[in-house]
Every structure is written in C-alpha cells, then in structure tokens.
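Notes follow the structure.
What's counted below: heavy atoms across the whole structure, side chains too, no hydrogens, waters or symmetry copies.
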Amino acid sequence: MTRAAFAAYRLAGVFGYPFIKPYVGWRVARGKEDKRRLKERYGIAGMIRPEPGPLVWIHAASVGESAAVAPLVRTIAADGLAVVMTTGTTTSAQFVEDRLADCVIHQYVPLDVRPAVRRFLDHWRPDLAIVAESEIWPVTIHELSARRIPQILVNARLSDRSYQRWKGRPRLAEALFENFAQVVAQSDIDAERFRLLGAPGVTLAGNLKADAEPLPADPASLAELDAAIGLRPRFAAISTHPGEEEIVAEVHERLKWRHEGLLTLVVPRHVERGAAIARMLAGKGLVVKRRSLGELPDQDTDVYLGDTMGELGVYLRLCEIAFIGKSITGQGGQNPIEAAMLSTGILTGRYVQNFRDSYQRLLRNGGARLVRDTDTLAAQLDGLLLDPMQRMAMAGAALRSVDEMRGALERTLAALDPFLHPLRLSVSLERRGRVVAGR
C-alpha cells in the first residue's frame with residue numbers, strides 16, 4: 001500500500017510535469033514567483049557550487065521560518081561551511097537577501113518532482129539537509145535518502161490538522177518520517193507526535209523564534225509615522241484574516257467615542273487584500289489611509305491600513321497592545337513571539353492551536369489575554385486603553401515570556417553536532433592541507 005502510494009505520487013509528478021509550467025506562470029501573474037529566477041524552481045541552479053569542501057542545504061519555506069533559522073544559519077556558516085539556503089516565496093527570498101546574503105547562497109526550492117529535485121541535488125551535492133518546521137516533500141525526502149544524505153527537521157512542529165492527516169495514513173507516514181536522521185521538535189506535544197508517526201530520533205529544543213532577532217524597523221519610517229500619529233491613543237490588529245477586519249472595525253466604532261482620537265492600525269496577513277479591506281472599512285463610514293499608497297494618518301483618520309510587506313516591526317513599535325489574528329474567524333493562530341519580543345501586550349482569539357506552547361506561556365504569565373468575539377475584544381481594549389499600568393504590566397509579562405523561551409538555538413546546535421562535526425573537521429583538514437601545500 002505504501003509503495004503504491006509513493007508510486008502514484010511519482011507517477012502524478014511525471015504526467016503532471018508538462019502542466020507545471022502553466023501553474024507556475026499563474027503564480028508569476030499573482031506575484032508569487034520571481035519571473036527572473038523561474039529556472040531555479042525546476043532545479044536549474046542560478047549559481048556555481050563553492051568548491052572544494054562540504055555544503056549544507058537549509059530550507060525554510062517562508063519569512064517566518066527563515067527568520068527562525070537565521071541565527072542557526074549564521075552559526076553554521078561561521079564554522080566555514082558553505083550553505084545554500086532555499087525558500088519558497090518571494091518575500092522570504094527578499095528576507096534572505098536583506099539579512100543573510102553575506103553568508104549563504106540563496107536559491108528557490110525546486111518543485112517536488114523527480115527531474116527538478118535531481119537537477120538540484122546533482123548540482124549542489126549537499127552533505128547535509130536541514131529543513132525548518134513542517135515541510136514534508138515525499139520526492140525530495142526519498143531522493144535525499146537514496147543518496148544517503150542525512151536530513152534533519154529543525155524547529156519541527158505538526159499542527160493538529162496535519163497530525164490527524166498523517167495519523168490516518170500510518171504506513172505512509174512511517175515510510176516518510178523514518179528517513180529523517182533527527183527531528184528537533186518545538187514542544188513536548190510535537191515531539192511525541194513525530195515519535196508516534198515513526199521518526200526514529202526525536203529531541204526537544206523549544207522554539208527557535210524566541211532566539212531570533214527582533215523584527216527590524218526602518219528608523220526614518222518609524223519616526224515619520226510616530227510623528228504623524230502624535231499622542232493619539234492607538235492599538236494594532238496584526239496578521240488579520242477575512243472576517244477579523246470587520247470585527248476590528250466594529251470595535252473601533254464602539255471605542256472611538258470613549259477614547260478621543262483613537263487610531264486603529266490594521267495589518268492584514270495577506271497584503272494583497274488591502275484594497276478590498278479599505279473598501280469594506282470605507283463602506284462602514286470609517287476614514288482609511290493606506291500605507292501601500294504612501295499615505296500617512298492625519299487627525300481625521302480612523303484606520304491606518306498597513307498593507308505593506310516587511311514593516312511589521314514598525315507597526316508593532318507604534319503600539320503597546322496588539323490583537324493577533326487568525327484566531328477568531330481563522331483557525332490556528334499566528335506567531336505571537338515577534339510581538340512579545342517588542343514588549344507588546346497581546347490579545348488573541350481561542351483558535352491558536354498552531355502556537356499552543358507559546359500562547360500557554362504568555363497567558364500564564366499575563367502577557368496575553370483571550371477574547372471570544374467583538375464584545376470581549378472591545379471590553380479588553382477599553383480597559384487597557386484606560387489604564388497605562390495594565391498595559392505596562394502586560395508588555396513586561398510578554399517580554400519575560402520570551403526570555404523564558406530562549407535557549408532553543410543552543411539545544412538545536414547540540415542535536416546537530418554529530419552531523420556538523422565531521423563537516424567542520426573536513427573543512428579544518430582541507431584548510432590545513434592548503435597551508436602545508438603553500439609552504
């Protein structure tokens with residue numbers, strides 16, 4: 001049954017390969033692919049492999065995963081190991097360019113079809129593959145295994161939905177997860193799930209996001225926005241999903257009469273929804289300014305729409321309190337650590353199962369509070385806007401929670417050491433050989 005499933009998957013890839021190009025073209029039209037570098041998605045390298053010496057392949061799907069593994073990437077590169085880092089989105093590619101270009105070679109991850117994966121592996125010949133969080137690609141996993149390249153899952157997590165899906169296919173799950181030489185899990189629950197699904201070596205390290213650097217913010221942009229807002233009371237709703245902007249709009253309408261000059265910052269998870277959100281807010285009679293249009297809030301602005309990429313660090317630094325979305329109308333939640341790291345008190349809906357461990361700690365310490373709906377969100381915000389001491393206490397508790405979660409990087413490096421040590425030794429011997437030859 002398992003072999004049949006893999007055969008069907010590979011066969012679908014073979015027959016579907018001619019149709020991949022139109023699909024990728026559709027993604028280009030939607031701004032989800034870099035037209036200049038499409039060949040990398042087919043495994044055709046855009047750069048030369050560094051020679052000689054070992055090379056580590058690190059994959060992080062999107063911006064969040066890339067930020068989480070950035071300190072790990074720098075540590076590995078600092079040991080003299082060549083690193084090729086792949087990502088799957090244009091925004092994560094930009095993140096790598098901005099933050100890691102001095103220590104890695106960036107490529108887009110090849111599509112999970114045999115021709116593309118084989119081209120990629122034939123060119124880069126990695127000695128070790130490290131994958132962040134929950135990227136499970138059957139063809140890639142089996143091609144790496146066939147070449148006896150150790151593959152490790154770091155900052156690993158399995159959502160409730162993913163776990164139930166794999167649990168319903170136990171033989172298929174075991175056939176995939178048994179290929180990982182090591183799984184370094186975020187939480188006890190994640191570790192147990194990977195063990196039950198057949199991963200042979202599982203360790204617990206915690207969440208690498210807590211060891212990442214705080215989100216950056218352009219000082220000029222921050223100063224300009226802060227000056228435009230002035231002393232107005234404000235709160236942010238970040239990473240919002242459909243339905244949550246309507247809730248936030250209702251909350252703003254209720255509270256603006258109690259808090260003169262109230263400004264609400266709305267930062268949708270998907271910025272391409274900016275125009276639709278602006279129309280919805282204007283339809284409710286709210287005055288909206290959009291960041292993507294270069295507009296600044298004035299005294300008449302009700303909602304400032306942060307529909308730009310890469311500026312979440314700016315928006316969070318402007319507010320002491322933030323509601324984090326995908327938690328009331330959405331399912332799973334969004335990462336709260338970035339906000340907590342900037343001393344931001346957090347309000348969240350109940351549906352945060354994808355970040356259960358982080359939220360449990362924040363709630364226990366008082367750095368976050370649960371809301372159920374429009375009424376409870378309005379009530380919590382009303383109290384916090386009235387009481388600066390409450391806001392200060394929440395901010396301090398949020399930051400303390402992050403401090404308690406630190407240490408995942410050190411534990412992850414310890415788990416990786418048996419795999420990295422031989423590669424570091426190889427680099428050391430190769431350097432020594434060059435020195436001797438040069439005498």
Please check: side-chain N/O of [X] versus main-chain N/O of [Y], any donor-acceptor pairing under 3.5 Å?
X: H123; Y: M47; value: yes
X: Q186; Y: N155; value: yes
X: D211; Y: L208; value: no
X: R232; Y: L262; value: yes
X: D112; Y: V139; value: yes
X: S426; Y: P422; value: no
X: E311; Y: G306; value: no
X: T344; Y: A340; value: no
X: S428; Y: R424; value: no
X: T329; Y: P242; value: yes

Can you give me the closest heavy-atom contact between [X] and [Y], atom names plus distance?
X: R290; Y: A278; result: CD-CB, 3.8 Å
X: V69; Y: A60; result: CG2-CB, 4.1 Å
X: L399; Y: S343; result: CD2-OG, 3.5 Å
X: V73; Y: C103; result: CG1-SG, 4.4 Å
X: S92; Y: S66; result: CB-OG, 3.8 Å
X: A129; Y: I149; result: N-CG2, 4.2 Å

Test log, rule side-chain contact (heavy atoms from CB on, under 4.5 Å), inputs I58 and L72: CA-CA 10 Å; I58 298 177; L72 178 66; 5.6 Å; no
Starting at [atom1] of [X], measure out to [atom2] of [Y] and round the result to the nearest 0.5 Å.
X: I321; Y: R391; atom1: CD1; atom2: CZ; value: 7.0 Å
X: D79; Y: L420; atom1: CG; atom2: CG; value: 7.5 Å
X: L281; Y: E246; atom1: CG; atom2: CD; value: 8.0 Å
X: L318; Y: Y304; atom1: CG; atom2: OH; value: 9.5 Å
X: I324; Y: I238; atom1: CD1; atom2: CD1; value: 4.5 Å
X: S358; Y: M405; atom1: OG; atom2: CE; value: 4.5 Å

With heavy-atom distances below 4.5 Å as the criterion, would you say the side chains of [X] and [Y] are in contact?
X: V109; Y: T87; answer: no
X: L176; Y: P138; answer: yes
X: L55; Y: P50; answer: yes
X: S327; Y: E244; answer: yes
X: L286; Y: E253; answer: yes
X: P336; Y: T348; answer: no
X: S187; Y: Q360; answer: no
X: V251; Y: F323; answer: no

Sidechain N-carboxylate O distance under 4.0 Å for [X], [Y]:
X: R41; Y: D34; result: no
X: R406; Y: D403; result: yes
X: K209; Y: D357; result: no
X: R171; Y: E174; result: no
X: R125; Y: E51; result: yes
X: K289; Y: D300; result: no
X: K167; Y: D160; result: no
X: R356; Y: D190; result: no

E65 and S62: side-chain hydrogen bond (donor to acceptor under 3.5 Å, both in side chains), yes or no, with the steps? CA-CA 6 Å; E65 289 89 345; S62 60; 2.3 Å; yes
Residues which pass side chain to side chain donor-acceptor pair (under 3.5 Å) with D382, listed by chain and number, not counting sequence neighbours: R258, H259
Other residues, nucleotides, ligands: >12 heavy atoms within 6.0 Å of [X] [atom1]:
X: E213; atom1: CD; value: no
X: E404; atom1: CD; value: yes
X: R317; atom1: CZ; value: yes
X: R161; atom1: CZ; value: no

Using the rule given for side-chain contact (heavy atoms from CB on, under 4.5 Å), can you reason through F419 versus V56, listing the C-alpha separation, both sets of side-chain angles and the distance that settles it, and then say yes or no? CA-CA 10 Å; F419 305 93; V56 178; over 6 Å; no
With a 3.5 Å cut-off and sequence neighbours excluded, list the donor-acceptor pairs that the side chains of residues 263-271 form with protein atoms.
residue	atom	partner	partner atom	Å
T264	OG1	H252	ND1	2.7

Can you confirm if the NZ or CZ of R350 lies within 45° of the ring axis of Y359 and under 6.0 Å from the centre of its six-membered ring? no
Who pairs with E245 by salt bridge (Lys or Arg N to Asp or Glu O under 4.0 Å), at least two apart in sequence or on another chain? R273
The salt bridge (Lys or Arg N to Asp or Glu O under 4.0 Å) partners of E135 (sequence neighbours excluded) come to none
Check step by step if side-chain contact (heavy atoms from CB on, under 4.5 Å) holds for Y315 and R291. CA-CA 11 Å; Y315 305 131; R291 179 70 171 168; 3.2 Å; yes
Parallel, tilted or perpendicular, judged at 30° and 60°: which one describes the rings of F120 and W124? tilted
Which is it for Q151 and H59 under the side-chain contact (heavy atoms from CB on, under 4.5 Å) test, yes or no, and what are the steps along the way? CA-CA 11 Å; Q151 43 193 320; H59 174 64; over 6 Å; no
Show me the pairs that pass ring-ring contact (aromatic ring centres under 6.0 Å, His included) and involve residues 159-211, at least two apart or across chains. W166-F177, F177-F194
Summary of ring-ring contact (aromatic ring centres under 6.0 Å, His included) pairs that have at least one residue in residues 376-418, sequence neighbours excluded: none
